[in-house]
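Here is how names work: the chains are called A, B, and so on, in the same order as the sequence lines, proteins then strands, and each is numbered from 1.
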Number of protein chains: 12
Amino acid sequence: MSYGDDRVYKKVEIIGVSKKGLEAAIQAAVTKAHKSLEKLSWFEVQEIRGHVGEDGTVTEYQVVLKVAFQIKE
Amino acid sequence: MSYGDDRVYKKVEIIGVSKKGLEAAIQAAVTKAHKSLEKLSWFEVQEIRGHVGEDGTVTEYQVVLKVAFQIKE
Amino acid sequence: MSYGDDRVYKKVEIIGVSKKGLEAAIQAAVTKAHKSLEKLSWFEVQEIRGHVGEDGTVTEYQVVLKVAFQIKE
Amino acid sequence: MSYGDDRVYKKVEIIGVSKKGLEAAIQAAVTKAHKSLEKLSWFEVQEIRGHVGEDGTVTEYQVVLKVAFQIKE
Amino acid sequence: MSYGDDRVYKKVEIIGVSKKGLEAAIQAAVTKAHKSLEKLSWFEVQEIRGHVGEDGTVTEYQVVLKVAFQIKE
Amino acid sequence: MSYGDDRVYKKVEIIGVSKKGLEAAIQAAVTKAHKSLEKLSWFEVQEIRGHVGEDGTVTEYQVVLKVAFQIKE
Amino acid sequence: MSYGDDRVYKKVEIIGVSKKGLEAAIQAAVTKAHKSLEKLSWFEVQEIRGHVGEDGTVTEYQVVLKVAFQIKE
Amino acid sequence: MSYGDDRVYKKVEIIGVSKKGLEAAIQAAVTKAHKSLEKLSWFEVQEIRGHVGEDGTVTEYQVVLKVAFQIKE
Amino acid sequence: MSYGDDRVYKKVEIIGVSKKGLEAAIQAAVTKAHKSLEKLSWFEVQEIRGHVGEDGTVTEYQVVLKVAFQIKE
Amino acid sequence: MSYGDDRVYKKVEIIGVSKKGLEAAIQAAVTKAHKSLEKLSWFEVQEIRGHVGEDGTVTEYQVVLKVAFQIKE
Amino acid sequence: MSYGDDRVYKKVEIIGVSKKGLEAAIQAAVTKAHKSLEKLSWFEVQEIRGHVGEDGTVTEYQVVLKVAFQIKE
Amino acid sequence: MSYGDDRVYKKVEIIGVSKKGLEAAIQAAVTKAHKSLEKLSWFEVQEIRGHVGEDGTVTEYQVVLKVAFQIKE
């Protein structure tokens, strides 16, 4: 691919969940989408949320992302 | 599933249309997505619109939703 | 299809790229989605971006769209 | 009218109020606009609000809409 | 109270949940806030979401509202 | 009018301009709309802008408002 | 008119439709509003949408605009 | 307090109303919240609205603010 | 609690500050709110900001969150 | 300059601070930018914030603006 | 440059004006910024506006863009 | 500087890129801007994005920030 060629990308919205932190939640979502959809090119964070346990600890981070990949022939 | 486990969800945008009302339009979209995609977990309303007939009656409600489901292995 | 019938649409987010201009980028995305997904009904522009070459010329227009199509049985 | 013909629509912002519920508030606004403005084609909900009575009951729903109609010659 | 008098209101964000529909979820939240906070004056809907059961039925509507009440001396 | 009665309001977008300040620009717009449209009920500020003169003085404030009035029979 | 004079503008929301492209859709809306409303001063694009034909061609561009004009005495 | 120390703030949404102008409405809300909540640190304006009297005069300005204060031990 | 039961949640806006990083700032806010308010269920990040020291080092991360908890009888 | 000539403007984001009020904060920012950047053409208010003193008085208004000026040859 | 290397970009907001159309207005802004600032990498459209002449013709298109370039050592 | 003094700040938009994580990307942008512009006071995160490598690993985090500094005489 080079700039100036006609091409088309698709964006899909996914949510990665991890108890380890924000980067781990992002990587979890990217890894899964990369395997089940297509080779991804980039991601964009939409929302950051999380769950709080009984004792007031953040038990998981939930990162809503859009991931993008090129639609090939 | 329990909180704290790594997992990934996908969100898809759909539009339910019904002449009966807002809840019927939401349920129509959820039913179809539940059958053709995956078992859904939750939905989020994005937009509410509708069509008006010749006589000034609301002939249908159109509800734009995001529906979410877990991506399993 | 006529107004008042229950039905469901899906929206998908794609990016069309073309060096010729905005309409060409839109048409590129619509053509590809129409072939690989379903017969489209309409589109909505989300973002307009582009790439600039070494000499300061816009080398391509990138138009982010949502395209919509009816989910049939 | 058919797709592809040049034409122009106007959108007007109105608020329908009803104690019966959301659909009734939408229909109230659409009915009034349909009579006093023009034959409407569609509506888009902008905001949903309401008033609460002395006893904690929702005494009315207020739905802010945009309604659209074609400007004829 | 009459217009023109200096006064101050407070807005609080709450979420009403009901399986019966949107108006029931709104009323549930308003009733609770009216009892535990103050006599409410109005509400504004922020978000509409919901949960989907195993069989694809909407099992509950969740409406995020801001409710407002006057701060008295 | 009392809460609970079905009724319909219209909102119109206007811009008031004054060199005196923000309140004067709002009042200018409200006065004109009150005379040429209908008796207004309330206003909502959308945007605040202004023009700067040759010497770096703010020569006018421009306030974009929505004004609302009840549609009577 | 000169900067610093008190004056009031009105904004109206219209949608221009054309199969020729984005500028043609904008001009169609501006022409109609200029004739049926008042002499316009400027426009602001709100949304760009369009319709897709059976064969995957963009059959029309729909541009939602706000147009503004001065309210004269 | 100095930068770099761990600490927590809370934000609360209030509405100040005054017939005198925007700054008076802001000050009214800040004064009340400062007394009934906690010593405030800063405020952020969210919305500016107002009421119009029978004769077309702005009878009051309503400013929706978020006010913030540190949560102490 | 199980889905389908009527219940009400409240959301409160807080800001966690920490020099250690984003997750530490989130956890600081959640810990404080969990103690002084109620047992939290989840959080949503609204804004990420920070302070820069004299030498160009980020001396603290400030994360604005909404935290949510169920209102019990 | 006249409408229809090709030209380019730049927008810069600045914050004016004053204890006197909103117009004074705007003018402070405009004066400084007019001297240190270029002759400004217009401004657009982005945010209004402020600081609260120990005694609950608004000690300063902070107005975030975009200011615009033409880039000359 | 290759992905994975630490680097920093700057974004600047400019407005291109042209009577010829949207692409010409974008190119005008990009050309000027490319000469007076730095070699640009990409642009993002923020707003599309325009001026209307006495006879109802669009006399110029105004496109507000952000342009981005790498900050080199 | 102390609260209540008239002063002016400028905000500039930059993008920090780092393969190490979100805080590293923020610090990279802040360090560069602190050296090439002015002593910064604070930053605000606008967007979080990133690039994905051939093997599905996040190869870099891209954080879009606004950084602010006081304009001195």
Side-chain angles (χ1 to χ4, degrees), chain A residues 1-53 57-73, chain L residues 1-4 7-72:
Chain A
M1 176 232 113
S2 63
Y3 288 116
D5 291 350
D6 278 27
R7 57 203 190 284
V8 177
Y9 294 86
K10 189 173 169 185
K11 279 191 194 178
V12 171
E13 195 165 5
I14 55 176
I15 307 174
V17 181
S18 170
K19 64 168 168 275
K20 292 191 212 91
L22 298 173
E23 286 89 347
I26 292 170
Q27 184 63 66
V30 164
T31 299
K32 178 81 88 187
H34 201 261
K35 262 190 290 191
S36 67
L37 292 166
E38 282 283 335
K39 285 193 163 190
L40 304 182
S41 295
W42 78 89
F43 68 88
E44 306 166 13
V45 173
Q46 302 291 299
E47 278 179 87
I48 298 173
R49 310 167 60 106
H51 185 261
V52 181
T57 312
V58 174
T59 51
E60 61 181 45
Y61 296 89
Q62 303 154 348
V63 183
V64 184
L65 315 166
K66 288 194 181 167
V67 294
F69 52 90
Q70 193 175 345
I71 310 182
K72 296 283 174 53
E73 240 60 37
Chain L
M1 173 233 117
S2 61
Y3 289 116
R7 57 204 191 283
V8 177
Y9 294 86
K10 188 173 169 185
K11 278 191 195 176
V12 171
E13 195 165 4
I14 54 176
I15 307 174
V17 181
S18 170
K19 63 170 169 274
K20 293 193 211 87
L22 299 173
E23 286 89 347
I26 293 170
Q27 185 61 67
V30 164
T31 299
K32 177 81 87 186
H34 201 260
K35 262 189 291 192
S36 68
L37 292 166
E38 283 283 335
K39 284 191 165 192
L40 304 182
S41 295
W42 77 89
F43 68 88
E44 306 164 14
V45 173
Q46 303 291 299
E47 277 179 87
I48 298 173
R49 310 168 59 105
H51 184 260
V52 181
E54 283 289 305
D55 62 346
T57 311
V58 174
T59 51
E60 62 181 44
Y61 296 90
Q62 303 155 346
V63 182
V64 185
L65 312 166
K66 289 193 180 169
V67 295
F69 52 89
Q70 192 174 346
I71 309 182
K72 297 283 174 50

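Both the backbone and the side chain of L/T57 come within contact range of chain A, each with at least one heavy atom under 4.5 Å from a heavy atom of that chain. Neither the backbone nor the side chain of L/Q62 comes within contact range of chain A; no heavy atom of the residue lies under 4.5 Å from a heavy atom of that chain. The contact between A/L22 and chain L is made entirely by side chain atoms (from C-beta outward), counting heavy-atom distances below 4.5 Å.
A/V67 places none of its side-chain heavy atoms less than 4.5 Å from the side chain of L/V52.
For L/E54 against A/H34, the heavy-atom pair with the smallest separation is O-CE1, 3.2 Å. Closest approach of A/W42 to L/R49, counting heavy atoms only: NE1-NH2, 3.6 Å.
When the shell of 6.0 Å around NZ of A/K66 is examined, it contains more than 12 heavy atoms from other residues, nucleotides or ligands.
Remark: L/D55 CG to A/K39 NZ distance equals 8.5 Å, nearest 0.5 Å.
Side-chain atoms of A/Q27 come within 3.5 Å of backbone N or O of L/G56 as a donor-acceptor pair.
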